[in-house]
Student: 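Sharing a structure here in structure tokens format.
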Amino acid sequence: MTPRIAAGLFALLLAGCASVPTNDAAVMLPEDARAHPEHYVVITVRNTPVVVNSYAASTPRGYGGQGPYRAGAEALERARAIAAAHHLRQVAAWPIELLGVHCLVYEIPSNEKRDQVLAALRSDPVVESAQPLARFEVHGTTYNDPYAGLQRNLGDMGVAASQQRSQGEGVRIAIIDTAVDVLHPDFGGHIERGSDFVLDGRRAGEGHGTAVAGIIAAVPNNGIGIAGIAPAARVIPLRACWSAGDGAGECNSFTLAQALAAAMDAHASIVNLSLGGPSDPLLERIVERGMSRGIVFVGAVPASGRREGFPTGIDGVIAVDAAEHSSHAPHVLYAPGTDVFTLAPMARYDAASGSSMAAAEITAVAALLLARRPELKTQQVEALLARSMAAGDAHARVAASVNACVALRDLLHSGECTAEDGAVARAR
């Protein structure tokens, strides 16, 4: 055998090893679980994983050739035992490396009450945790007037002056939401395709996710459309929610857990969560693990105006509401949230309202700060933003809003913030 033939056979052998199919259960939820989450529960069991190296002589979990994190035989056996003991049907499963557990979704029998099933599961020593498959909603309402607002938020927040100092360079922002129309011309082709954890066959962008991404990352001064607040940041769209009509969207515990883990795998600096729902122990654990790694989480306050539920009920998450809302709560930041002009799917533009839009603005301003000082902790970012809210332009349309110019001035100890003329700095 010649050296060339031997090398070719060796390469084929390596390719074959790298393409071994996995035997993990599908991570896609059935459509019924999205429509009727009350019929399903989420449980976790401890997982001693099986790791398959992706090439010969590679080390487990080491270097760039690490293999996938899979459910071990013991975890799989526990899953089968739980299903049999409690008369459940497994519909999806996913090993969460971040927590060292195997996460499973089970359908409960139609004649069983979910609370009773959960009580029995929580008393089972094999079960690490058990909870409902919770439903979450994106916070916002989209209108049909494509020119309402005309980005008054930029003047309210001192964005033009702030973009002279920072446009979010080097900051990675994960947007967990409905699908983003990454082909919108006002993104200029710099938004990556991202990942889809709903897997319902949809390929087009959706309204809410596109609106949130547009506020953050639309390209300024490109001769079309609008200007994003942090256009030089790298946006990572992660679809965990699906459209529910009239600008609304829905998500659940399982899709959000996958997207949160993906955000950490992508080394996101900031995670935008313009959504909300009930407290969720599994999601809380994942977010707390992310915060321990220095990730900044920004969440939209629910309609109550209070920090509660997921994600804003979690200590350490930056909670944001629309400045136009009448009741202002402690430990909440405020930004313009009514008729915020932004992007819509299919190369359109629209005005959107809600705490989702305000959360997107705060995410973008946080990116401006982190671009200049990557070592900032969440508490420092939040403190700078809170101080800017008190020191902003008293003559602005929304006087209680976070002011990006003031926050950067205080961070850099230089520069002046004066009344803006509405111009937006040219992208560098």
Side-chain angles (χ1 to χ4, degrees), residues 29 32-44 91-92 94 96 98-99 101 103-108 112-122 127-141 176-178 197-198 208 212 238-244 247-261 263 271-291 297-322 325 327 329 331-332 354-356 358-359:
L29 284 175
D32 184 68
R34 298 197 300 271
H36 302 287
E38 65 274 12
H39 299 157
Y40 297 82
V41 294
V42 181
I43 74 126
T44 59
V91 299
W94 168 55
I96 307 179
L98 197 69
L99 303 179
V101 299
C103 179
L104 304 113
V105 179
Y106 291 105
E107 183 180 17
I108 62 178
E112 296 280 352
K113 295 187 180 297
R114 188 170 65 175
D115 288 347
Q116 294 175 349
V117 172
L118 285 170
L121 285 167
R122 288 165 180 158
V127 175
E128 195 249 6
S129 71
Q131 65 175 70
L133 178 65
R135 186 198 302 265
F136 298 84
E137 297 179 352
V138 295
H139 294 318
T141 303
I176 297 178
D177 212 295
T178 61
F197 300 101
V198 179
H208 195 272
V212 167
L238 300 171
R239 184 177 183 239
C241 310
W242 54 93
S243 291
E250 295 181 358
C251 334
N252 61 45
S253 306
F254 195 68
T255 58
L256 288 172
Q258 293 178 77
L260 285 165
V271 176
N272 183 89
L273 293 163
S274 288
L275 52 90
S279 298
D280 189 291
L282 176 63
L283 300 182
E284 183 173 347
R285 289 165 64 189
I286 297 175
V287 168
E288 288 175 345
R289 187 64 56 88
M291 289 191 293
F297 290 85
V298 179
V301 168
S304 67
R306 298 187 297 271
R307 294 189 60 130
E308 57 188 8
F310 178 87
T312 57
I314 303 173
D315 289 341
V317 171
I318 295 177
V320 184
D321 201 356
H325 290 178
S327 59
H331 309 297
V332 174
S355 59
S356 282

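Since the model is a prediction, treat every value here as computed from it, not as a measurement. Keep in mind that the numbers below use all heavy atoms, side chains included, and drop hydrogens, waters and symmetry copies.
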Student: By the definition side chain to side chain contact (heavy atoms under 4.5 Å, CB included), identify the one residue from Ile176, Val138, Asp177 that meets it with Ser274.
Tutor: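 Testing each of Ile176, Val138, Asp177 against Ser274, the sole residue satisfying side chain to side chain contact (heavy atoms under 4.5 Å, CB included) is Asp177.
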
Student: Find out whether Thr44 and Arg285 are in side-chain contact, i.e. whether some heavy atom of one side chain is under 4.5 Å from a heavy atom of the other.
Tutor: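 Touching, per the 4.5 Å side-chain cut-off.
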
Student: Determine the minimum heavy-atom distance between Pro278 and Ala134, stating which atoms define it.
Tutor: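 Nearest pair, atom of Pro278 first, then Ala134: CG-CB, 3.8 Å.
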
Student: With Glu288, which residues qualify under salt bridge (Lys or Arg N to Asp or Glu O under 4.0 Å), at least two apart?
Tutor: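 Residues passing salt bridge (Lys or Arg N to Asp or Glu O under 4.0 Å) with Glu288: none at all.
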
Student: Provide the closest heavy-atom pair for Cys251 versus Leu275 in the form atom of the first, atom of the second, distance.
Tutor: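 Reported closest heavy-atom pair: SG-CD2, 4.3 Å.
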
Student: Checking Gln131 side chain against Leu282 main chain: does a donor-acceptor pair fall under 3.5 Å?
Tutor: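 Yes, Gln131 side chain to Leu282 backbone: donor-acceptor pair under 3.5 Å.
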
Student: Using modelled atom types and a 3.5 Å cut-off, is there a donor and acceptor pairing between side-chain atoms of Ser355 and backbone atoms of Val301?
Tutor: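 Indeed, once roles are kept as given, a pair shorter than 3.5 Å links the two residues.
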
Student: With Phe136, which residues qualify under ring pair (Phe, Tyr, Trp, His ring centres under 6.0 Å), at least two apart?
Tutor: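 Ring pair (Phe, Tyr, Trp, His ring centres under 6.0 Å) check on Phe136 returns Phe310.
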
Student: Is Thr255 reaching over with its side chain to a backbone N or O of Ala240, donor-acceptor style, under 3.5 angstrom?
Tutor: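 Flag set: sc Thr255 to bb Ala240 pair under 3.5 Å.
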
Student: Could you pull out all residues at least two apart from Arg307 that satisfy salt bridge (Lys or Arg N to Asp or Glu O under 4.0 Å)?
Tutor: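 Arg307: no salt bridge (Lys or Arg N to Asp or Glu O under 4.0 Å) contacts found.
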
Student: Taking the side chain as C-beta and beyond, is there a heavy-atom pair between Phe197 and Leu29 under 4.5 Å?
Tutor: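 The answer is no, as the side chains (C-beta and beyond) never meet within the 4.5 Å cut-off.
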
Student: Check whether any side-chain heavy atom of Cys241 lies under 4.5 Å from a side-chain heavy atom of His208, and answer yes or no.
Tutor: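 With C-beta onward as the side chain, the pair stays apart.
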
Student: Of all residues at least two apart in sequence or in a different chain, which pass the side chain to side chain donor-acceptor pair (under 3.5 Å) check with Ser253?
Tutor: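 With neighbours one apart ignored, the set is Asp280.
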
Student: Going by the rule salt bridge (Lys or Arg N to Asp or Glu O under 4.0 Å), which residues pair with Arg34 if we only count those two or more places apart in sequence or in a different chain?
Tutor: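 So Arg34 forms no salt bridge (Lys or Arg N to Asp or Glu O under 4.0 Å) with any residue.
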
Student: Return the set of residues passing ring pair (Phe, Tyr, Trp, His ring centres under 6.0 Å) with His36 (not counting sequence neighbours), or none when no residue passes.
Tutor: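 Partners of His36 by the ring pair (Phe, Tyr, Trp, His ring centres under 6.0 Å) criterion, ordered by chain and then number, come out as His39.
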
Student: Within the structure provided, determine whether Leu99 and Glu128 are in side-chain contact (heavy-atom separation under 4.5 Å).
Tutor: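 Of all side-chain heavy-atom pairs linking Glu128 with Leu99, none is under 4.5 Å.
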
Student: Of all heavy-atom pairs between Ile43 and Ala130, which one has the smallest distance, and what is that distance?
Tutor: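 Minimum heavy-atom contact is CG2-CB, 4.0 Å.
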
